[in-house]
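Please read these numbers as outputs of a predicted model, since none were measured by experiment.
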Amino acid sequence: MANVPGAPNTLGVLRAVQTLIVNDVLIGGVSPFAALASADAARYGVGRAVYVGAPKDFKDTYLPQCQIVAEEEAVVLAGAQGRADDALTVRVTAVVDFTDWWAAEQNILALRDALWPVLLTHLRGGAGAGTSFVALDPATGAAEHRDGFATEEIAGVWYRTWTARLIARQVWAAAGGLVP
C-alpha cells in the first residue's frame, strides 16, 4: 500500500493537533496560552501551555492553558491489505483562572472564539502522503460528555473551562497486510 504508514502514530496525531493550536490560535496576533519556563518547554516539546494530556500537577502560573486528551478509540480494518481507519476521540479543553469571574468569562469566551475557527477550518487538514493524521471531525454526542462551558474545581481551586471533542482520524496498514 503506497503512501500509507505501516503502524499507527497516536502521539504524532495528538502532536499535530497541538501544533495546530499553538501555531494558529491567536488573539490579537499572539498566542493566548501561557508561556512555559524553559525547563518545562524542553520537557513538553512546546513553548506554550498547550499540553498533550492533562498535567497532574496543576500550575496556576500556566494559565490560560489547553489540554489535548485522547479519550476513546475505534479501529476498523478494511480490504485485503488490512488498512486501518483509526479514529481517536480527543477532548480539547481550555482552562482559565476563575479568581475574577468577569475576567474569566471574557477570557474563556475569547479562547472559545479563537479555537473553534482553527479546529473547524482544519477538518481535512494534516493529510499528506505517508502520514497518518488525515482528518479532524467534530465528535457526535458532545452533549453527553459535558462539552461546552463549565467550572471545575481542582485541589480546592475553581477554574473556568471550555471543552470540545473532536475525532482525530489516522489511516495505516500493518506491514505485510492481514495474515490469513
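Side-chain contact between Thr89 and Ile167 is present, with heavy atoms from C-beta onward closer than 4.5 Å. Counting heavy atoms from C-beta outward, Leu36 and Arg43 have side chains that stay 4.5 Å or more apart.
Scanning all heavy atoms of the two residues, the minimum distance from Ala35 to Tyr62 falls at O-CE2, 3.6 Å. Nearest approach of Ala94 to Ile108, heavy atoms of both residues: O-CD1, 3.6 Å. Taking every heavy atom of both residues into account, Pro32 and Pro64 meet most closely at O-CG, 3.3 Å. Summarising the geometry of Gln67 relative to Ala54, their closest heavy-atom pair is OE1-CB, 3.6 Å, with the distance given to 0.1 Å. Nearest heavy atom pair, residue Cys66 against residue Val92, reads SG-CG1, 3.6 Å. The heavy-atom pair separating Ala110 from Ile27 by the smallest distance is O-CD1, 3.7 Å.
The cluster map of Ile, Leu, Val, Met, Phe, Trp and Tyr, joined by side-chain heavy atoms under 4.5 Å apart, puts Ile68 and Leu26 in different clusters. Put simply, Val13 and Leu11 are part of the same group of oily side chains (I, L, V, M, F, W, Y) that touch within less than 4.5 Å, one to the next. Hydrophobic clustering (ILVMFWY, side-chain heavy atoms < 4.5 Å, transitive): Leu109 and Val96 are in one cluster.
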Between Arg48 and Ile21, does a side-chain contact (heavy atoms from CB on, under 4.5 Å) hold up when you go through it step by step?
CA-CA 10 Å; Arg48 295 284 175 178; Ile21 292 170; over 6 Å; no

Would Phe98 and Val157 satisfy side-chain contact (heavy atoms from CB on, under 4.5 Å), going step by step from the backbone distance to the final call?
CA-CA 8 Å; Phe98 196 50; Val157 179; over 6 Å; no

After noting the C-alpha distance and the side-chain angles of Asn9 and Trp172, does the key distance pass the side-chain contact (heavy atoms from CB on, under 4.5 Å) rule?
CA-CA 9 Å; Asn9 182 5; Trp172 51 276; over 6 Å; no

Could you check Glu152 against Val95 for side-chain contact (heavy atoms from CB on, under 4.5 Å), going step by step and ending with a plain yes or no?
CA-CA 9 Å; Glu152 184 175 343; Val95 182; 5.7 Å; no

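Atoms CG and CG, on Leu166 and Leu88 in that order, are 11.0 Å from each other to the nearest 0.5 Å. Taking CZ from Phe149 and OG1 from Thr161, the interatomic distance works out to 9.5 Å, rounded to the nearest 0.5 Å. Atom-to-atom distance recorded for Asp40:CG and Lys59:NZ is 4.0 Å, nearest 0.5 angstrom.
Counting only residues at least two apart or in different chains, side chain to side chain donor-acceptor pair (under 3.5 Å) contacts with residues 102-117 comprise Glu105-Arg160.
A search for side-chain contact (heavy atoms from CB on, under 4.5 Å) contacts involving Val22 returns Gln18, Val46, Val50, not counting sequence neighbours.
When atom types are taken as modelled, the side chain of Tyr44 and the backbone of Ala49 share no donor-acceptor pair closer than 3.5 angstrom.
Partner of Trp162 under the side chain to side chain contact (heavy atoms under 4.5 Å, CB included) criterion, out of Asp147, Leu115, Thr93, Leu111: Leu115 alone.
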